[in-house]
Engineer: 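The structure under discussion is supplied below as structure tokens; questions concerning it will follow.
Sequential numbering from 1 along the given sequence is applied to the chain's residues. This structure is a prediction, so every number in the text was calculated from the model and none was measured.
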Amino acid sequence: MSIVRNVVQDAAIGATVTETLEGLSSIGEPACAAAILQRSPEPAFQRWIDAVHPADLPKARLILAPGDIGPAIADLFDAYDVAYCPHSAWLIEDIRSLAVRFNELVPAPFLRLRLDVINTDACRRFHIDPVVARLICTYRGTGTQLGFSADENAPSEIFTVPTGAPVLLRGKLWPGTPPAGLSHRSPPIAGTGEVRLVLVIDPICDPDEELC
């Protein structure tokens, strides 16, 4: 059994696992608060991204129409002087394909893409985001952490989504059924020397950042 499936099986409530992008549609099931795409990075890609100097890792906050994402990410990588290679080409295409799939499941005229380079504690408290839904994928470093609590107390058990596995999370604005009690946080890494590269995708209704 995979690491991802073990995480979800142990968490038990509120999360599902899929092996395909299409399977992320399970986020629409009443009891599902998070859908995780089960995959592991190619070892050669992981060695490459882990070796990039932190100052050279691309970071940005972009609001784009879905069809503009691929060229915009390619331009961003050029601006950060990331050497073009099969690994960078894969990363650009992966960001684009995740954004396209997210937009199919959470339709919006624009998407907000954030590439964050994180070397300290960020959003270390468990929470549910004030959005309809959010996709998070950690390409480098420790993945997003999940926890279930039936009340507002911190989860008693914490489960870490593996590096490279995208997770699609319901937010507070998800229509219909209430949240399943599954919350998430960024892993605390202050003082460890770890550097994370994290992609975050949100739906946006207009370029002034009005959330959908």
Engineer: Show the numbers, then the answer: is there a side-chain contact (heavy atoms from CB on, under 4.5 Å) between L199 and I136?
Structural biologist: CA-CA 6 Å; L199 169 70; I136 304 174; over 6 Å; no

Engineer: Is the shortest heavy-atom distance from the side chain of L24 to the side chain of R101 under 4.5 Å?
Structural biologist: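 Yes; the side chains approach each other to less than 4.5 Å.
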
Engineer: Applying the 4.5 Å side-chain criterion to the ILVMFWY set and letting contacts propagate, would F126 and L182 be lumped into a single cluster?
Structural biologist: no

Engineer: If the test is side chain to side chain contact (heavy atoms under 4.5 Å, CB included), which one of I73, I204, V200, I63 qualifies with L113?
Structural biologist: I73

Engineer: Run the side-chain contact (heavy atoms from CB on, under 4.5 Å) test on F159 and E157 for me, step by step, so that the C-alpha distance in whole Å, both residues' side-chain angles and the decisive distance to 0.1 Å come before the verdict.
Structural biologist: CA-CA 7 Å; F159 309 93; E157 293 185 89; 3.6 Å; yes

Engineer: Just checking E194: does its CD atom have more than 12 heavy atoms from other residues, nucleotides or ligands closer to it than 6.0 angstrom?
Structural biologist: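 Yes, enclosed.
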
Engineer: Quick one: pull up CD in Q38 and OG1 in T20 and give me the separation to the nearest 0.5 Å.
Structural biologist: 10.5 Å

Engineer: Starting at OG1 of T138, measure out to CD of Q145 and round the result to the nearest 0.5 Å.
Structural biologist: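 Rounded to the nearest 0.5 Å, the OG1-CD separation comes to 10.0 Å.
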
Engineer: Identify the heavy atoms of A34 and V167 that sit nearest to each other, and give their distance.
Structural biologist: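 Taking A34 first and V167 second, the nearest heavy atoms are CB-CG2, 4.2 Å.
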
Engineer: Given side chains that start at C-beta, do those of R196 and P187 come closer than 4.5 Å, heavy atoms only?
Structural biologist: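 Yes, their side chains come closer than 4.5 Å.
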
Engineer: Are L64 and L105 grouped together when hydrophobic residues (ILVMFWY) are joined by side-chain heavy atoms under 4.5 angstrom apart?
Structural biologist: yes

Engineer: Examine Y84 and L197 and state if one hydrophobic cluster contains both, with Ile, Leu, Val, Met, Phe, Trp and Tyr joined whenever side-chain heavy atoms are less than 4.5 Å apart.
Structural biologist: no

Engineer: Quick one: closest heavy-atom pair of R125 and R185, and the distance?
Structural biologist: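 Shortest heavy-atom separation between R125 and R185 comes out as O-CB, 3.6 Å.
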
Engineer: When rounded to the nearest 0.5 angstrom, what distance separates CD1 in I95 from CD1 in I201?
Structural biologist: 8.0 Å

Engineer: Got L98 and L21 here, is their nearest side-chain heavy-atom distance under 4.5 Å?
Structural biologist: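 Contact flag for L98/L21 side chains = yes.
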
Engineer: Is it the case that the side chain of D116 and the backbone of K59 share a donor-acceptor pair, with hydrogens and angles ignored and the cut-off at 3.5 Å?
Structural biologist: no

Engineer: Assess whether a salt bridge exists between R39 and D94, defined as any Lys/Arg side-chain N lying under 4.0 Å from an Asp/Glu carboxylate O.
Structural biologist: yes

Engineer: Does any part of the side chain of V106, heavy atoms only, come nearer than 4.5 Å to the side chain of D202, both counted from C-beta?
Structural biologist: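 A side-chain contact is absent here, since even the closest heavy-atom pair is not under 4.5 Å.
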
Engineer: Could you pull out the closest heavy-atom pair between P58 and L115, with the gap in Å?
Structural biologist: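 Taking P58 first and L115 second, the nearest heavy atoms are O-CB, 3.7 Å.
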
Engineer: Please give me the minimum heavy-atom distance between C32 and T16, naming the atom from each residue.
Structural biologist: SG-OG1, 3.6 Å

Engineer: Can you name the residues that form a ring pair (Phe, Tyr, Trp, His ring centres under 6.0 Å) with W48, not counting sequence neighbours?
Structural biologist: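 Applying ring pair (Phe, Tyr, Trp, His ring centres under 6.0 Å) to W48 gives F45, H87.
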
Engineer: Within the structure provided, determine whether H184 and D129 are in side-chain contact (heavy-atom separation under 4.5 Å).
Structural biologist: yes

Engineer: Would you say I158 ends up clustered with I36 if hydrophobic residues are merged whenever their side chains have heavy atoms under 4.5 Å apart, either directly or through other cluster members?
Structural biologist: no

Engineer: Quick one: are P155 and F148 in side-chain contact, heavy atoms under 4.5 Å?
Structural biologist: no

Engineer: To the closest 0.5 Å, what do you measure between CG (L57) and CZ (F77)?
Structural biologist: 9.0 Å

Engineer: Taking R170 for the side chain and I27 for the main chain, is one N or O donor matched with an acceptor at less than 3.5 Å?
Structural biologist: yes

Engineer: Which atom pair, heavy atoms only, marks the closest approach of G164 to P41?
Structural biologist: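 Here G164 and P41 meet closest at CA-CG, 4.0 Å.
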
Engineer: Heavy-atom distance under 4.5 Å between the side chains of F102 and L111, does that happen here?
Structural biologist: yes

Engineer: Begin with the C-alpha distance, continue with both residues' side-chain angles, and end with the deciding distance and a verdict on side-chain contact (heavy atoms from CB on, under 4.5 Å) for K172 and H127.
Structural biologist: CA-CA 10 Å; K172 292 182 178 179; H127 63 283; over 6 Å; no

Engineer: State, to 0.1 Å, how close P166 and L135 come at their nearest heavy-atom pair, and which atoms those are.
Structural biologist: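 Looking at all heavy atoms of both residues, the closest pair is CB-CD2, 4.3 Å.
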
Engineer: Where the side chain of R140 meets the backbone of V52, is there a donor-acceptor pair that is under 3.5 Å apart?
Structural biologist: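 Yes; judged by distance alone, with no hydrogens or angles, the pair exists.
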
Engineer: If you round to the nearest 0.5 Å, how far is CG of L169 from CH2 of W174?
Structural biologist: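 With rounding to 0.5 Å, CH2 (W174) is 10.5 Å from CG (L169).
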
Engineer: Does one hydrophobic cluster hold both I49 and W90, with members joined at side-chain heavy-atom distances below 4.5 Å?
Structural biologist: yes

Engineer: Is the shortest heavy-atom distance from the side chain of Y139 to the side chain of T163 under 4.5 Å?
Structural biologist: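 SC-SC contact between Y139 and T163 ruled out.
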
